[in-house]
4 protein chains.
Amino acid sequence: MSLNKVQLIGNVGKDPEVRYLDNHVAVATFPLATTEKGYTLANGTQVPERTEWHNIVLWRGLAEVAEKYVHKGDKLYIEGKIRSRSYDDQNGIKRYVVEIFGDNMEMLSSRPAQAGTTPPAQPVQTPQASPQPNSAADDLPF
Amino acid sequence: MSLNKVQLIGNVGKDPEVRYLDNHVAVATFPLATTEKGYTLANGTQVPERTEWHNIVLWRGLAEVAEKYVHKGDKLYIEGKIRSRSYDDQNGIKRYVVEIFGDNMEMLSSRPAQAGTTPPAQPVQTPQASPQPNSAADDLPF
Amino acid sequence: MSLNKVQLIGNVGKDPEVRYLDNHVAVATFPLATTEKGYTLANGTQVPERTEWHNIVLWRGLAEVAEKYVHKGDKLYIEGKIRSRSYDDQNGIKRYVVEIFGDNMEMLSSRPAQAGTTPPAQPVQTPQASPQPNSAADDLPF
Amino acid sequence: MSLNKVQLIGNVGKDPEVRYLDNHVAVATFPLATTEKGYTLANGTQVPERTEWHNIVLWRGLAEVAEKYVHKGDKLYIEGKIRSRSYDDQNGIKRYVVEIFGDNMEMLSSRPAQAGTTPPAQPVQTPQASPQPNSAADDLPF
DNA sequence: TTTT
DNA sequence: TTTT
């Protein structure tokens with residue numbers, strides 16, 4: 001009875017950081033920028049261009065694809081869901097992050113493949129159940 | 001060159017708060033919950049149900065519709081985009097909020113209308129012109 | 001490098017027809033109606049309400065869920081992709097049908113469960129690769 | 001109470017055909033191909049690549065943008081709705097066509113602009129007003 | 001053939 | 001803070 005879906009087309013802000021959990025599950029994270037063009041209102045007000053940064057998190061096969069094929073500057077389509085998570089920062093202050101857990105990705109920049117790699121079958125998609133790490137979505141300051 | 005789209009079906013956590021800006025523009029805010037059902041992994045691990053809370057922000061006509069027709073507990077479809085915003089909290093600490101700016105809403109609970117109101121034309125959407133030429137969708141051979 | 005995604009919220013026109021292929025794979029088909037409300041243009045022209053009928057096709061687990069829980073009149077969310085298919089009608093004339101192959105479904109009507117059934121875990125979603133029956137999408141008269 | 005949404009990323013099959021109605025409204029039509037990669041099933045069956053052709057129809061401003069900037073071979077994101085239409089063919093046989101009425105388009109190929117034209121503001125969308133309050137999306141702690 |  |  002619920003839907004939580006995000007679709008983004010944007011540019012990768014940094015090369016993905018990939019780590020492997022104890023169970024050898026890969027997790028990739030990287031920022032993705034979407035940009036709205038600026039425009040002028042009827043009354044002459046200039047609304048400037050605006051860039052939104054999204055924290056992308058990929059798991060398993062998608063993370064491995066990202067490790068091999070995704071680079072800073074690439075244009076990507078990402079489909080997934082919104083997840084909130086809290087953590088305590090270095091000053092013991094509780095912080096909230098919103099992340100996009102991607103379950104489908106399309107590479108929209110066509111780059112020459114790196115030596116020793118083969119191009120990914122697309123669409124690359126996570127098989128069914130995605131892992132659910134410790135996270136919290138309560139107490140949002142809203 | 002960019003897409004920032006969110007689609008949610010969930011339940012309204014609180015009656016909308018509606019305020020009017022100096023230019024008489026209405027802004028409505030309310031929390032919306034999406035819930036993923038829990039499940040059991042192949043290895044027997046129980047993944048519990050998980051609720052995500054989304055900060056919905058509606059403008060103008062959509063805000064006015066929300067003021068009249070949206071109530072705590074209602075099931076809604078919301079389409080919009082992700083927007084981040086920062087503010088300084090009461091301790092001068094910079095905080096970030098992620099909000100969903102809705103530009104399309106569908107009311108999925110059919111409630112009896114309140115006395116003195118009329119049901120909204122649906123879909124309620126930020127105004128758009130879309131011409132409707134002669135066309136037919138009947139008698140499909142299916 | 002490609003995306004083909006459809007999202008529908010509408011009403012089921014008929015109880016699903018479910019058949020089982022030789023390999024015991026279930027396939028369910030039913031029509032789903034989406035309706036745009038009519039409205040009046042600035043120049044006074046009345047644009048009438050318009051109903052679009054979609055041919056929904058579900059496979060495997062989703063088809064089995066549809067067989068048990070989906071009924072005429074129900075409101076559904078369906079996510080999937082567009083597929084065209086051709087066939088020769090009884091007069092040997094080549095006909096084209098467009099179908100929506102659903103891979104995600106949400107039941108938006110909450111009906112009392114039928115005796116002897118248990119509610120489906122939701123969201124019900126097809127696990128990865130969906131079967132690709134004989135179909136053709138070429139030579140469209142466009 | 002209804003949603004009819006399609007999202008496509010694909011390649012333009014032919015340069016758009018643009019015509020102008022009596023009221024000077026522009027209408028552009030062109031085919032767009034989405035392609036699913038082939039794959040091999042667990043039992044060894046080869047599922048071949050499959051291309052789906054979509055009949056895109058754009059109106060007004062979007063049609064004018066397509067006339068200027070969209071060409072055969074371009075990669076596009078198109079968002080819109082499914083519309084069915086019937087007509088009688090040259091043999092008096094009733095035919096049905098399914099079209100995608102686009103209301104949002106993103107050009108994903110970056111081509112050098114043609115002489116005498118300026119690049120389109122993007123996203124190009126059927127006009128909408130959406131207020132932009134003070135907000136910040138930088139310095140996210142990620 | 002649905003629904004509001 | 002919702003809902004099943």
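Per chain, numbering begins at 1; letters A, B, ... match sequence-line order. Just so it is clear, the model here is predicted, and its values are computed rather than measured.
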Between F:dT3 (P) and B:Ile9 (CD1): distance, integer Å: 17 Å
Selection from F:dT1, E:dT3, F:dT3 that lies nearest to any side-chain heavy atom of B:Pro31: F:dT1
Atom-to-atom span, NE2 of C:His71 to P of E:dT1 - whole angstrom: 18 Å
Qualifying residues under side-chain hydrogen bond (donor to acceptor under 3.5 Å, both in side chains), relative to B:Glu17, sequence neighbours excluded: none
D:Ile100 vs C:Ile82 side-chain heavy atoms within contact, under 4.5 Å: yes
Check: B:Tyr77/C:Gln7 side-chain N/O donor and acceptor closer than 3.5 Å: no
Side chain A:Ser2 and base F:dT4 donor-acceptor under 3.5 Å: no
From F:dT2, E:dT2, F:dT1, nucleotide with atom closest to B:Lys14 side chain: F:dT1
Length of the CD1-C1' vector between C:Ile78 and E:dT3, whole Å: 16 Å
Rounded distance (Å) that lies between atom C1' of F:dT2 and atom CG of B:Asn55: 14 Å
Whole-Å distance separating the CD atom of C:Glu49 from the P atom of E:dT1: 17 Å
Centroid distance under 5.5 Å and plane angle under 30°, B:Trp53 vs F:dT1: yes
C:Ile56 CD1 - E:dT2 C1' separation (whole Å): 12 Å
Nearest-angstrom distance from the residue atom NZ of C:Lys75 to C1' of E:dT1: 15 Å
B:Leu8 CG - F:dT2 C1' separation (whole Å): 13 Å
Which nucleotide in F:dT4, E:dT4, F:dT2 has an atom nearest any side-chain atom of C:Lys37: E:dT4
Partner residues of A:Asp89 under the side-chain hydrogen bond (donor to acceptor under 3.5 Å, both in side chains) criterion, sequence neighbours left out: A:Arg95
